[in-house]
Every structure is written in C-alpha cells, then in structure tokens.
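Just below is one structure, and these are the notes that go with it.
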Protein chains: 2
Amino acid sequence: MGRIVQKFGGSSVADAASIKRVARRILNAKLAGNDVVVVISAMGDTTDELMDLALQVSPQPKARELDMLLTTGERQSAALLAMALSDLGAEARSYTGSQAGVITTGKHGDARIIDITPGRVEQALNEGNVVIVAGFQGVSQTTKDVTTLGRGASDTTAVALAAALGAEYCEIYSDVDGVFTADPRIVSGARHIPEISYEEMLEMAANGAKILHLRCVEYARRESVPVHVRSSFSDKPGTWVKDLSKGNPMEQALITGIAQDTKEAKITVVGVPDRPGEAAEIFDTIARNEINVDMIVQNVSQVASGRTDISFTLPMDDGRKAIDALNAAKEEIKFDELLYDDQIGKVSVIGVGMRSHPGVTAKFFRALSDADVNIDMISTSEIRISVVVDADHVDTAVRAAHTAFGLDAEGEAVVYAGTGR
Amino acid sequence: MGRIVQKFGGSSVADAASIKRVARRILNAKLAGNDVVVVISAMGDTTDELMDLALQVSPQPKARELDMLLTTGERQSAALLAMALSDLGAEARSYTGSQAGVITTGKHGDARIIDITPGRVEQALNEGNVVIVAGFQGVSQTTKDVTTLGRGASDTTAVALAAALGAEYCEIYSDVDGVFTADPRIVSGARHIPEISYEEMLEMAANGAKILHLRCVEYARRESVPVHVRSSFSDKPGTWVKDLSKGNPMEQALITGIAQDTKEAKITVVGVPDRPGEAAEIFDTIARNEINVDMIVQNVSQVASGRTDISFTLPMDDGRKAIDALNAAKEEIKFDELLYDDQIGKVSVIGVGMRSHPGVTAKFFRALSDADVNIDMISTSEIRISVVVDADHVDTAVRAAHTAFGLDAEGEAVVYAGTGR
C-alpha cells in the first residue's frame, strides 16, 4: 500500500500495442495496492520528427516555440496511456507538466526544475486515479510559458515527482535489465549489478553509461529517492540506485563497473604563450559559448619558445562551435593552430572501494599496457579513474579493465534484452 | 492601425511550405500597421490521424483524454507558425487556448466558450508581438482540464477572441473566395456575394453551406463582430458577414443565395397511435440521445385506423443511433414500423428580401415543378424556404432555383479556387 512513481521511455510506448502493454504493467502495480504516478516520454521517434518539422519551417527555431512544439509529444503519449488504462478498468488522468505543478527556470530547451506543486496530482490520487504526467516539461516560474528540461529529462521529472509526493521509490523502465559492470555489447561476461550507490551511478552516468540521466541521479541523491532501474520487457529485478553508505564497506567490491564514452572529441590549442591568464582566456571563450569541457591537459612548457600546448575534451556535438569560437578569438589568445580529433574514447573505472584501496590506478594502467592500449589523457576523482584512448582501442580497454578487476561473470551467460538504447 | 484577428484552417497550414506562405500573409497585415492575432487549426489531417491513433488504443476513448490528445495538433501548428514569423523578422508568440484565456464549459469534445480572459494576449500585443492562438480548444472553468469546442470550432475561437479584444473585424481564411449565391461546383453561373447579413449567413450555415461554422456566425451576430470570409490563396476581397440592417432595403436582392445539404436522412415512424403525447414520446426519445432533429412532418391522420405516420430528418451520422433508440422504445411509442431513407437532400432558398415580398414560395415551387423535381417535405423560416427532395434531384433543384430567382451571372465566368472544402 505504498505510493510509487514509474517512468517509461519512448521505446516502451512506440505504438498502440506497446501502450496497451505498458498499461497492463501499470495496472498490476495499481492492483497490488499502490498509488501509482506514471511519467511518460513521447512515443518512439516523435520528438525527432517534430524537430525535423521545426527545421523545415525555420533554420533556427525560437527556443520558446520549440518547447511549445516538442512538449506535445509527451502530452499525446500521456493521453493515449490514460485511455488504455481506462479501457482496462482503472481510472486514469493525464496531466501536462504544467498541470502537474512542475515549476522550472525560464531557460527554454534546458530548464531546471525549481519546485513541484503537485496539488492536482495529489487530488487525483486521493480520488483513486492512476496519474499520468507528461515528462520532459514544465512551466516557467516567471513567464508561465511551457519549458522543456532537455533531452532525456523525463527521468528527472519522475524522480522530482517522487520526492515531492513522498513516494517510496521511483521505477525507471527502459529496455535493459538495469546497470551492468560494463556495456554487455562490449563485454560478454558483464554482470548485472543489483545495487549501486548514488555516487557511483553519478560517475557512471557522467562518463558515458546511458542508463540514467545525470541530472536524474543528482536529484535522486539530493532528495534520497531510491531509484529502481529495470526493463519494461521483463519482470526481473533491475538495479537499485540508493544510499549504500550504511552497508558493510568490507563487502564492497573494489570496482563496481566500467564505463566508456565515444561521444567526445579532443581539441589541442598549439603554441599558446606560456603566461598567466592565457589558459583562462581559452576557457572563458569556451564557457561563453555554453560548452562544457571535460578533461584538460597542459603540456610541459617548452622553455626555448615560451609557448605550450593545451588539450581538452568536450562533447563531439559542440566541436564545430568550439573551433569557430576559438578561431574568432585568435587575436586575443595568440595561439599558432588548432588540432581537432574526434577519433577518441574515454574509458573509466568506477568504485567507492578505491577510496580505501591504493593501487587501483597501477592495476588499471598495467592492464591497458598489457593489452597494447596507449593512454592519451588521464583524469581522476575520488571514486573514478578515466583515460582517453584511441577510438579503435575503447572496446579492448574496457574488456581489459573488466577482467583485471575481477568483474567477469564466471561461466554464466548474461541475458541482455537491449534493443539499442 | 487597427487590431484584427485572422483565422487559418488546416488546409492553409498542411505542410512547412504552406506555413511559411501563411506567415508571409500575416506579416503583410502586421506591416500594414495592424495588431494581429492569429487563430490556427491543426495541420492538414493531423486531427484525423490522432483520432485514428486513439481508436487503436481504445475503442471508446475517454472524452477528457481525447481532448488532451487532439489539442496537441493546434499547439504544434501554432508553434511552427510562430517560428516561421520570427524567421521573417516579426516577433511572434504562440499560446494554447488555455493560455489565451479561452474559458469553457466542462463538456469534453463539445465545450462552449463561457468567457475569454485575454490578459496574456493583450500583453503580448502591447509588446509588439504577433499572437498565435491554438484554435478549437479552451480550459474548463470548473476542472481546469483542457477542452475542445467540437470539430471546426476554430472559427468560433477567432470570433470570440475578436469580440474579447475589441478587434475591428475577424478574417476567416479558407480555400474559397467567400460565399457564393450557390455552390459553384453545382451552379457554374454562381455569383460571388460581397456582403451578407448575419441572419442570412446563419441560415446558409444551418442549411448546408460549409463556408462558416454555425456557432461562429451566431457568436459574430451576438457580439456584432464583422467577419471577412476569404481565400488564403489570393488577395481578392471575400465576403463580409455583418449587420446590414442599416442599408437600403430597396436595394436588397429578393433572394441572396441557395444552399443544399445532402448529409441528412429521413426516418418515418409508421402507424403511431394518433393520441396526444405520442409525438412527444418519439422526440423525447430522440432528444435523450442528443440527436438534433431538423424537419418534422405529421401525415393527416387516417381516421379509420386511428393511427398516423410521423417523418423527420436528422444528420445522417446519427441515423443508426436514432433507429436503435426508437426500436428500444417500441413498447412505449407503439408504432408499427420504422422506415429509413438517406437518399434525400435539402434545398433552401435564403434571403431577407422575402420578408417583404410575397410569392417567393410560389416561384420556388413552380421552378421545381418545371424541372420535374418532386417535393417530399417543406419547412420555412422568416427568411428561408427549405424542401426535401430525392438526393438525385438536388443539383437540378439548386440550378432551377438559382435561375428562377435571377441569380445567374450574366456571361462572366466565376473564378473558383476551391480545392474541395
């Protein structure tokens, strides 16, 4: 007799048959005695199709109007899901993000949730309804215009609603059975992870694991919402993302998982005057263009020339913008040339266990060396070590690390129901 | 430097190219110095496609959820049109019916406008924006849920907004050049009508002319909003629907136009006991099923049997429901049998001139007789005479009446840009 929030992604509601299947799953949760709130994404490729339409009408669609357009996708799937539930005998009501009280900042296309005022959701629950909320959207606190939270942010809507409604937990459904020690498409012996801490999941999400949206995990950690990541195609338990700090640290694995990210590119600014402020000039330019830089390496200065090289990684999609911005600022930064390389990949080993175990870095680097993988850049956090390698070496590096840290499953075949998320 | 409301239908915004074309037309109105509010329908067949999707999910979709689903169509076209206008350099903002303050009753699928509170529209206009409002929709005064006003009701949204905003006039764009003395697809010599009174337009709309929605004309008359019906494919003047009572009645034509309706069916209830209350029983049954009856004829009672026949016409789409309802009430009504005929058509001659000119009925019937058209039923209002004839005879009857009342164009070819509205 709890209150739960369930979130289903676009692939779970791609057509009428899928919507009916999801409705039956929701009904089961309701019949088990739960108050159920569902957050839903747009059907299949709807968002991409609407974006195509917008670009046909305008090469640079206004962000406010794009939000008005794109949010219709989730409203459609929410209404259709409510109809399907009513057909099964469960009273259901769909709500837009605005109606559900998802109050956001005014930054169209990338708004942040400021507050949730779920009065209408509470009332509908108290009247016995299953409540369906259109994900990915809210309403600007200042302008009252419709906003979107950025692609994939329906996960965040779900966790935020779970926190605001005091739900027991939040279920995030996708097409995989949860989180694995590595991507099963790369490592055939990858193992299912039954529980993972918020901190480790944050590092996984930030370093290429697509299973949960980064902001969703941040929100869940801040509000202490347990998140159950599971497949909408099976009844198997998924992965619980929750506070594990009260567990027995002695039983924790040294390394929880390996993540890889092949969506980054590297820019090298060659021949920068080695004076204070020059690096700041570069990253000021990048920041003004709202590009997030990941790893940064500055070469040892060549004393003879008084110049140095600075390399950094950034999302591949921002590559063109960054190059243009730096070239435009060439007079101020005074570099010689720019090198661009998107044939790179980042491999990260993650685990809270490394806090108390020295030697993880050495073991990781040894494994890469034994596999003939050259390391280009390195960065670390308290619970993560990341390296940049050639794109061609990413899979080899992931497999080598997975084996080196004893994560390979012992003989058991991993069932992976993925359809390419 | 006036304030105007323009409404464009789905065929005017069927694809990206059409949307850009409509945007240029709106821009011209803005550049001419007007404050412009635009009411927009869903793109092309969007509403039908969404309805198909709903029926795939549920055989009887919940009305509340259907409204949530269908209203997304107008929101999409509104957002796309705003993007296209911004591209042309005109600031534009799209609003949902709810955001534009269209307050309605709570009857999902067929709500009525109670009030318009256009605060946000006013503000956006004052800031120099073209305002785009999603047609066909509003928000329930009591439940705050999204409602729709019934198919084709974007015309009504436009006129209601024009009234609330104190607009000079309301332009309704479609794919024809306005109102003609008869359907040009039937009468090649049909003439364009430059001005028509609200009363005549009401009769035209109620009797089969598809050019304007009935409720829209009622609203325009009540609020005294001049309506300009014109084509979005040309710059030619269309038809002004307005108060003509102050004009010179001597100059008014006897008959303004001929309308036909082939979407009605006739039901005859055979052998009804000829006692007070039996007819009431029949029409109570029909009314309980929310079916609108048009014409009613009761035969002269056959004294010997004490029984009579009652015939009435109704929208063809309601035929099945009416037959089922009457059969279910056979015990109470005590009729012998039901006859159903949908091979009928209604032809109406309309004109305020007939108020002061006797002999119109005689001339109409003589023309039909000369054309060998048999009259099945008759009904009249102060400014209209309608007859029911065989469906096969409708075109002949329309042409005969058009000629008899001197409406045929003299030699000039009528340009008709219709694409089948």
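Below, chain A is the first sequence line, B the second, and so on; all start at residue 1. Note that the coordinates shown come from a computational prediction; the quantities given were computed from them, not determined experimentally.
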Check whether [X] gets within reach of chain B through its side chain, its backbone, both or neither, counting any heavy atom under 4.5 Å.
| X | value |
| --- | --- |
| E74(A) | neither |
| L50(A) | side chain |
| Q56(A) | both |
| A23(A) | neither |
| D15(A) | neither |

Which of A82(B), A17(B), A16(B), S58(B) touches chain A most, by non-hydrogen pairs under 4.5 Å: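 Heavy-atom pair counts peak at S58(B).
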Given the options S77(B), A54(B), S98(B), A78(B), which has more heavy-atom pairs under 4.5 Å with chain A than any of the others? A54(B)
Side chain, backbone, both or neither: which part of [X] has a heavy atom under 4.5 Å from chain A?
| X | result |
| --- | --- |
| T96(B) | both |
| I19(B) | side chain |
| Q76(B) | both |
| E91(B) | side chain |
| R93(B) | both |
| A134(B) | neither |
| K62(B) | both |
| S18(B) | neither |

As an exercise, state the distance from [atom1] of [X] to [atom2] of [Y], rounded to the nearest 0.5 Å.
| X | Y | atom1 | atom2 | result |
| --- | --- | --- | --- | --- |
| L161(B) | T156(B) | CG | OG1 | 11.0 Å |
| I26(A) | Y173(A) | CD1 | OH | 9.0 Å |
| K30(B) | D35(B) | NZ | CG | 5.5 Å |
| D67(A) | T148(A) | CG | OG1 | 3.5 Å |

Are T72(A) and T72(B) close enough that a side-chain donor and a side-chain acceptor fall under 3.5 Å? no
Taking atom types as modelled and ignoring hydrogens, do the side chains of D145(A) and S140(A) form a donor-acceptor contact shorter than 3.5 angstrom?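 On atom types as modelled, these side chains do not qualify, holding no pair under 3.5 Å.
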Answer yes when D318(B) and R320(B) have at least one side-chain N-carboxylate O distance shorter than 4.0 Å, and no when they do not. no
Result of checking V121(A), L81(A), V37(A) against I132(A) for side chain to side chain contact (heavy atoms under 4.5 Å, CB included):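 Of V121(A), L81(A), V37(A), side chain to side chain contact (heavy atoms under 4.5 Å, CB included) with I132(A) is met by L81(A) alone.
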Of all of Q60(A), R75(A), M83(A), which one pairs up most often with chain B through heavy atoms under 4.5 Å apart? M83(A)
Does the structure place the NZ or CZ of R64(B) under 6.0 Å from the centre of the six-membered ring of Y95(A), at an angle of no more than 45° from the ring's axis?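 Yes, a cation-pi geometry.
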Cation-aromatic face contact R25(A)/F8(A), 6.0 Å, 45 degrees: no
